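Have a look at the structure below, then the notes.
Chain naming here is simple, since letters A, B, ... match the order of the sequence lines and numbering starts at 1 in each. A quick note: this is a predicted structure, and the numbers were derived from the prediction, not measured.
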Amino acid sequence: MAIRIYNTLTKQKEIFEPIIPGKVGMYVCGPTVYDSCHIGHARALVVFDVIVNYLRATGYDVTYIRNFTDIDDKIIDRANQLQVSSREIAEKYIAEFYEDMDAIYVSRANVEPKATDHIQSIIQIIEQLIHKGMAYHEDGDVFYSVSAFSDYGKLSGRKLEEMEAGARVDINPKKKNPLDFALWKAAKPDEPSWDSPWGKGRPGWHIECSAMSRQYLGDTIDIHGGGKDLIFPHHENEIAQSEGAFGKCFVRYWIHNGFININHEKMSKSLGNFKTIKDVLKTYHPEVLRLFLISSHYRSPIDFSDKSMDDAKSVLERLYALCKRCLEHKISIHGSGDMSSSEYWPRFCEAMDDDFNTAIGISVLFDAMHHANRIMDQSVNILQDENKPVLLSIFEDIFRMSRILGILNEDPLTFFEKQKSKALAQQQVDVSMIEQMIQERALARKQRDFAKADQIRQKLQSINIILEDKPDGTIWKVR
RNA sequence: GGCGGCAUCGCCAAGUGGUAAGGCAGCGGCCUGCAAAGCCGUUAUUCUCCAGUUCAAAUCUGGAUGCCGCCUCCA
């Protein structure tokens, strides 16, 4: 079954056919490193992480490139504010980026190039564009001439004339057309700069992606991704640069992810509702964030709220509870290891093949979970049960699905310990007191003094401690 | 002003012509001393509204209403 991808360029789902069968070249726009990553970044990163995982699982050899924009106005501003070099700012936030990515289980790309390491290739493309008459040099700046590229606007669905009519862009007297954009910016005093045929300066924002994607993936790449906001002008300009300079199709499939709102409001610094990844991880397990991010289709807008996060949390806890239950029965949660498949993996693939429909994929995970629990409910001794192989094959699939989605990375026991201590930290309850009360209750139960036992249960419940009586003792958790 | 998107159960959310997935919450049952967890069952004759095309529409067309995004840095 072929994978179908919604292509922003054609506005429809298309059968995915890479240029070279079996191989995929994929480029995703990474962050401008001038501040901490927020959950919007997390969404884009997680979405493309899942996509890459899935492409690889279906047998594609994926070369995944994700860049860092490490030179830019915002970085320079921040550096000036803090009285440090822009390089220091970039390095600080790149380090932080990796911390965040590791925390939320986003894998490294094959190459993670930085703009400042590719100044020569950038200059070469600009020279080529000037040579072809598609760019012009003006007083140390170089601009791309949008009117020289007849396809300008094809990605974002705009027409040059219409944009000019409604344009309220800054009046830059150096530009021939207000929509022309900078390929090279002349250095202002004290700004970081590189030598170029046009004097000291630095690259414009869009040109780095044209340069780096070509260097690592060639003239035409299979997939280019990023957030919806990048469609215009960033990706539109990348097309103009790359196709203008090399005369070949730049990207075959454009994939764009939707935005995150917070309590139905746009997430923005002015509204004060910006959430960084680190903020969210103070309250929620990283896989809760992942699960929340992929429980809707990647192109839809999603609303971040406590309710949605709590929903994702209970889902994750149920999955881990199943894993824990298996471990208690000495069943490997990594399945049989021989890739013997139940019905769930093919169903999951069917969902993912349709434009990476993770929402349906997760529902398949649920079916598998119910099935596994049902088998264990009905079994007296699962190790000798005739259904053991079925259970193992279900777990084989649960494990494979979780590898794609990037969840269930932790040992279940560790997971619940962490959840417990996180909850305890917020509740401020005394653990030894709880355990003492459980002892008392155990004694009461032994003496069949259920009134007293229930009283203790009630008391603990009132401070959000829930008890679970198991055959071999009582366990507790924080609600 | 230009371009585009969205509106599906209390909440979240799939579903692009064939008769409404899934999750959370709720309810009933099994299990339990009672619970919890788990399992089973159940909850939208209906998809913002109006009109139309069709044997057939949440899905297509036209209109209305509401919400949102992009056009300036942005995932």
Taking the six-membered ring for Trp and the single ring otherwise, decide whether the centroids of A:F16 and A:Y253 are under 6.0 Å apart. yes

Using a cutoff of under 3.5 Å, can you pull out all pairs of nitrogen or oxygen atoms linking the protein to nucleotides 40-43 of chain B, with atom names and distances?
| unit_1 | atom_1 | unit_2 | atom_2 | d |
| --- | --- | --- | --- | --- |
| B:rC40 | OP1 | A:R374 | NE | 2.8 |
| B:rC40 | OP1 | A:R374 | NH2 | 3.0 |

Is a donor-acceptor contact shorter than 3.5 angstrom present between the side chain of A:R457 and the base of B:rA35? yes

A:T116: partners by side chain to side chain donor-acceptor pair (under 3.5 Å), with sequence neighbours left out: A:D70

Who pairs with A:K418 by salt bridge (Lys or Arg N to Asp or Glu O under 4.0 Å), at least two apart in sequence or on another chain? A:E410

Return the value, rounded to whole Å, for the distance between atom CD of A:E236 and atom C1' of B:rC71. 12 Å

Decide yes or no, distance alone: a donor-acceptor N/O pair under 3.5 angstrom between the base of B:rG33 and the side-chain of A:R441. yes

So, using side chain to side chain contact (heavy atoms under 4.5 Å, CB included) as the criterion, who are the partners of A:Q436 when residues are at least two apart? A:E440

Can you say whether a donor on the side chain of A:D229 sits under 3.5 Å from an acceptor on the base of B:rG69, or the other way round? no

Decide if the gap between the ring center of A:F304 and the ring center of A:F259 is smaller than 6.0 angstrom. no

Using a strict threshold of under 4.0 Å (side-chain N to carboxylate O), is an ion pair present between A:D311 and A:K307? yes

Check the interface with nucleotides 59-62 of chain B: list each N/O to N/O pair with the protein under 3.5 Å, or write none.
none

Produce a footprint string for nucleotides 5-15 of chain B: one letter per nucleotide, 5' end first; B if the base is under 4.0 Å from any protein heavy atom, S if only the sugar-phosphate is, - if neither. ------B-SSS

Does A:D310 make a side-chain donor-acceptor contact with the base of B:rC24, cut-off 3.5 Å? no

Is the distance between the ring centroids of A:Y93 and A:F68 under 6.0 Å? no

Without decimals, in angstroms, what is the distance between A:D469 CG and B:rC31 P? 17 Å

Test of ring centre spacing under 6.0 Å for A:F415 and A:H285: yes

